[in-house]
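Treat the numbers as computed from the prediction; the structure is a model and nothing was measured.
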Amino acid sequence: MINKVVGSFDEAMADVQSGAMIHFGGFANPHNTPNYLIAALARRGADQLTGVSTYAGHGEEVQRELFERRNLEPLPDGWDLGLMAELGRLGKLITSFPNGNSRELLYPFEHVLRRGEAEVEVLGQGSIAERIRCARAGIPAFYTPVGVGTFVAEGKEVREFDGVAHILETALKADFALIRAHRADRFGNLVFRGPRTFNQTMAGAAAVTVAEVDEVVPLGELGPDEIHTPGVYVQRVVVRPSTPLDDWRTPA
Amino acid sequence: MINKVVGSFDEAMADVQSGAMIHFGGFANPHNTPNYLIAALARRGADQLTGVSTYAGHGEEVQRELFERRNLEPLPDGWDLGLMAELGRLGKLITSFPNGNSRELLYPFEHVLRRGEAEVEVLGQGSIAERIRCARAGIPAFYTPVGVGTFVAEGKEVREFDGVAHILETALKADFALIRAHRADRFGNLVFRGPRTFNQTMAGAAAVTVAEVDEVVPLGELGPDEIHTPGVYVQRVVVRPSTPLDDWRTPA
Amino acid sequence: MSEQPELLDESVMAMVAARDLPDGAIVNLGLGLPLALSDYIPPDREVLFHSEQGIVGFGARVFDPAEMDPLLMNAGGEPVASAPGMSYMSHDESFAMIRGGHIDVTVLGALQVDAQGNLANAQIPGKPAPGLGGGQDLATCAKQVLVVMRHVAPNGDPKIVERCDMVLTALGCVDRVVTDVGLFEIADGRVTLLEYAPGWTVDQIQAITGAELAVAEDVREIVLI
Amino acid sequence: MSEQPELLDESVMAMVAARDLPDGAIVNLGLGLPLALSDYIPPDREVLFHSEQGIVGFGARVFDPAEMDPLLMNAGGEPVASAPGMSYMSHDESFAMIRGGHIDVTVLGALQVDAQGNLANAQIPGKPAPGLGGGQDLATCAKQVLVVMRHVAPNGDPKIVERCDMVLTALGCVDRVVTDVGLFEIADGRVTLLEYAPGWTVDQIQAITGAELAVAEDVREIVLI
């Protein structure tokens, strides 16, 4: 019998080793971020990680400020990649937004970069997305017109197709992909709610894809036309706690 | 106001010129084939077409035989690419199944090939699918391990990634993509039913994508999490007749 | 030199940019000033706003917390309204859509734009690394690139220049620029003033511009309709 | 040479192939004999059958027209049952899944298989062109390639050979072969007989095989459990 549901976030992250490459899903919004997987990864303590994430995370302080600007209550459990930056767990980050959007706020990874404590590879969001999709799809490399003539093209092969210059980009396969979805079944089939962001993109682009979900439903409840990501791409599923925790150190 | 619904299949095919390149959606099943678009294309009379289709079509006779083998009533309106082959409208076909599956039955395109009346490019189904997806996604070329060392690799660049040989395949952008879906709205948003086949793959991979649907519903009825193909990829929508026609020559 | 006339405020800049979006256009809104455009679409038009995280067809920004959907935000993280016909997708499909040339207009902020249409908006002064977001894909692949930015940088430097000297995002891509003093076209290595903000003269605009301006034959004061 | 023992019929060949599919495996079924496998999964196991047009998780074949869903067929166009947890996708995603190495076992028909694991199933005699379907992607990218075929061609030629002389589909890919006389493993340039059909001797099997057979130490008669 297939059952991909694991009992705890700590169990789901128990085999992450230092130096691993990790895809972090979501897009600059704690509501589509795998908050509890990130907290469990922080508890796990693995470091010198290579992260792949379109943004570098808000961290607790900046996130509170962003929520207050919109007259919203900050989330108690809105942990994101900023936590990994604050804890110094990132050896390298491949990202399109190494900084925050705000000129006034300093985001956690900006501190890391200023202290020279991590490497960064800055790449356009579409090229990151496609490199990840290639890992899922078994394509080692593709050509894109994006980045030609800019710092992104440095050291990359340039080749013309139909008279237009393109650069060669390669697949980004990770050891783990941490993603967030709405509903799952025991096969690991996923249904998302809202923009599916890098969560859907990263599913299947790592040796182990772990989905943090609001709910696991009985097999058959998710219909074949409705499933966004087949369970084939998902190795582990963990359900978020019904009552939010407020300290990332609390086992969950 | 955006309204992609056109009044007739003939209108939807009115600007197809001889020599055009056309993506034909579906997969070897008249129930997921854009039957009425194909009939209208046949009425339009454009020839020397370059077709892209994973299979070469059954044609009326073979289809009747296949249905009878399963004790099913043949469809009166199950027209597929076989019709274009019978009418001699294909100058070239890019396909993974140039022949039928059955050793005993002779499919229409097999006759065309034997008479030497059309060119054929045989390629694995996954490489065809990815070349079409590349056209939708703005990628001119990609590397795949599929086909290395076989007739498929002839004349293609071979390159190693991680010690494994790959060949370079290029995007296949068509002038028209004819696809079949279940429901649409006036923005051209599509919802499919069943395996989405090349119908979903081809949407957006041509200058003009035309969707043949069972039903057009009011805007807003298809929910944002439910839409399989955004209307951005679809230029025209045509609704199938409520009563099936039984002659492809009948205007619809 | 006479005293400087009033600058357009951000909402008026957004209205000018929104004014020219054609009915049925697929329009991506980038970070910063462009985000306001979805608030200003004339009611007789349907414009489908695309956002990089996987949305086509969202509506105006939402400012009342009671009406916010925490999952539905624009690219800058501002809550927006849903609209009939909206659809969601993945990041890879969203950028397939961008790279594949399916976006009619991309509206981007900028640090510098030059007469060749080069765009620099990656290296914000004071930030430790350049950031690209989706801007590089959009600037390279959208059918039309519209920049909405202040005419002059906070330090007083002109932002429309002969040749960008900041980190480039994409080459030869910018078609039009809306600033707080006017509307400009960039084509064939030349920046042309099409419309000016009320009270501004060509000379006053040229004085704060780092590239030589051509002036359209039918140059006129900005109107919002 | 004694009279030839009975050949396994097609359902038994499918049962032998199905017998070894592990619980939880993602298995693609190709055209021809492999299609029958979904009818023979032991009830204590969950095997997810993948079909190229965009299905994961379909069930057994359906022979009663009243129970057929005209949209739900296997790769050979035979109606199949739906099963809980099944999902649909596009052709591009279906082959992303295949090419990306997410398929555990692909079960394919073949015209020839050789001792190097090369597979020929493209050029059916009498057909005007080679056909590949999804077989080339599957043979190249699935974790395990299992061939199910008759041991001998209709014209009497052996189908397991030292070196394929027919049009190749993929190189060095075949791991196991089920025929109507036995189960074989192909590895390190050698074909090894693992199990034989009831009544068959090694010599009898060797006599109709075009490659030199090794014999497994624990060679045994085929059992279905």
Side-chain angles (χ1 to χ4, degrees), chain B residues 25-32 54-56 66 70-73 75 95-101 103 106 109-114 120 122-130 132-134 136 144-152 182 192-203 228-229, chain D residues 31-32 51-56 58 62-66 68-73 75-79 82 87-99 101 118-120 122-141 154 167-172:
Chain B
F27 177 76
N29 179 350
H31 290 282
N32 60 33
T54 193
Y55 76 120
L66 293 174
R70 289 181 192 119
N71 299 312
L72 290 169
E73 282 292 310
L75 296 180
T95 189
S96 61
F97 290 109
N99 318 300
N101 295 338
R103 290 200 193 201
L106 268 179
F109 193 66
E110 297 182 46
H111 293 291
V112 171
L113 283 178
R114 288 186 180 188
V120 68
V122 177
L123 189 63
Q125 204 165 195
S127 295
I128 295 181
E130 191 64 18
I132 296 168
R133 190 255 176 200
C134 277
R136 176 174 96 226
T144 174
V146 178
V148 171
T150 75
F151 71 89
V152 160
H182 178 41
F192 296 89
R193 211 169 42 169
R196 299 201 276 277
T197 74
F198 274 91
N199 288 315
Q200 190 177 25
T201 299
M202 289 169 168
H228 292 124
T229 290
Chain D
L31 296 178
S51 191
E52 56 205 43
Q53 71 270 45
I55 320 176
V56 174
F58 64 85
V62 174
F63 298 98
D64 177 355
M68 291 175 185
D69 171 352
L71 290 169
L72 184 50
M73 307 209 171
E78 300 171 330
S82 74
S87 61
Y88 295 136
M89 70 207 85
S90 68
H91 241 98
D92 52 299
E93 193 61 50
S94 176
F95 279 86
M97 193 175 277
I98 293 169
R99 204 186 310 98
N118 296 321
L119 170 70
Q123 181 61 67
I124 295 172
K127 290 290 186 184
L132 291 168
Q136 191 171 66
D137 295 82
L138 286 157
T140 307
C141 303
V167 174
L168 287 180
T169 303
L171 276 60

Does any non-hydrogen side-chain atom of [Y] lie less than 4.5 Å from one of [X]?
{"X": "D/E93", "Y": "B/R196", "result": "no"}
{"X": "B/F27", "Y": "D/M73", "result": "no"}
{"X": "B/F151", "Y": "D/L132", "result": "yes"}
{"X": "D/E78", "Y": "B/R70", "result": "yes"}
{"X": "D/C141", "Y": "B/P145", "result": "yes"}

For chain B, which candidate among [options] shows the most heavy-atom pairs at distances under 4.5 Å?
{"options": "D/P125, D/A75, D/G77", "value": "D/G77"}
{"options": "D/G134, D/P130, D/S82", "value": "D/P130"}
{"options": "D/S87, D/G133, D/G54", "value": "D/G133"}

Closest heavy-atom pair and its distance - [X], [Y]:
{"X": "B/N29", "Y": "D/P70", "result": "ND2-O, 2.8 Å"}
{"X": "B/N99", "Y": "D/G131", "result": "ND2-N, 4.2 Å"}
{"X": "B/V146", "Y": "D/R99", "result": "CG2-CG, 4.4 Å"}
{"X": "D/M89", "Y": "B/Q200", "result": "C-OE1, 4.4 Å"}

Nearest 0.5 Å please: distance from the [atom1] atom of [X] over to the [atom2] atom of [Y].
{"X": "B/T54", "Y": "D/Q53", "atom1": "OG1", "atom2": "CD", "result": "10.0 Å"}
{"X": "D/D92", "Y": "B/R136", "atom1": "CG", "atom2": "CZ", "result": "5.0 Å"}
{"X": "D/F95", "Y": "B/R133", "atom1": "CZ", "atom2": "CZ", "result": "15.5 Å"}
{"X": "D/L72", "Y": "B/R193", "atom1": "CG", "atom2": "CZ", "result": "12.0 Å"}
{"X": "D/Q136", "Y": "B/S96", "atom1": "CD", "atom2": "OG", "result": "10.0 Å"}

Legend entry - Any side-chain donor near an acceptor of the partner, D/H91 and B/Q125, under 3.5 Å: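 Yes - a donor-acceptor pair under 3.5 Å links their side chains.
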Legend entry - Interface moiety of D/A170 toward chain B, non-hydrogen atoms closer than 4.5 Å: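 Backbone only.
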Inset, instruction - Could you tell me which portion of D/L31 (side chain, backbone, both or neither) has an atom closer than 4.5 angstrom to a non-hydrogen atom of chain B? - result: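 Just its side chain gets close to chain B.
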Let's test your reading of the structure: which of [options] forms the most heavy-atom pairs below 4.5 Å with chain D?
{"options": "B/I132, B/N199, B/L106, B/V152", "value": "B/V152"}
{"options": "B/I128, B/V148, B/T229, B/L123", "value": "B/L123"}
{"options": "B/G126, B/G147, B/A129, B/A56", "value": "B/G126"}
{"options": "B/F97, B/F109, B/F192", "value": "B/F97"}

Inset, instruction - Show your reasoning for whether side-chain contact (heavy atoms from CB on, under 4.5 Å) applies to B/T197 and D/S90. - result: CA-CA 5 Å; B/T197 74; D/S90 68; over 6 Å; no
Inset, instruction - Starting from the C-alpha separation in whole Å, work towards a yes-or-no answer on side-chain contact (heavy atoms from CB on, under 4.5 Å) for B/T150 and D/T169. - result: CA-CA 6 Å; B/T150 75; D/T169 303; 6.0 Å; no
Inset, instruction - Go through the atoms of B/L66 and report whether side chain, backbone, both or neither lie under 4.5 Å from a heavy atom of chain D. - result: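 Neither part, no heavy atoms under 4.5 Å.
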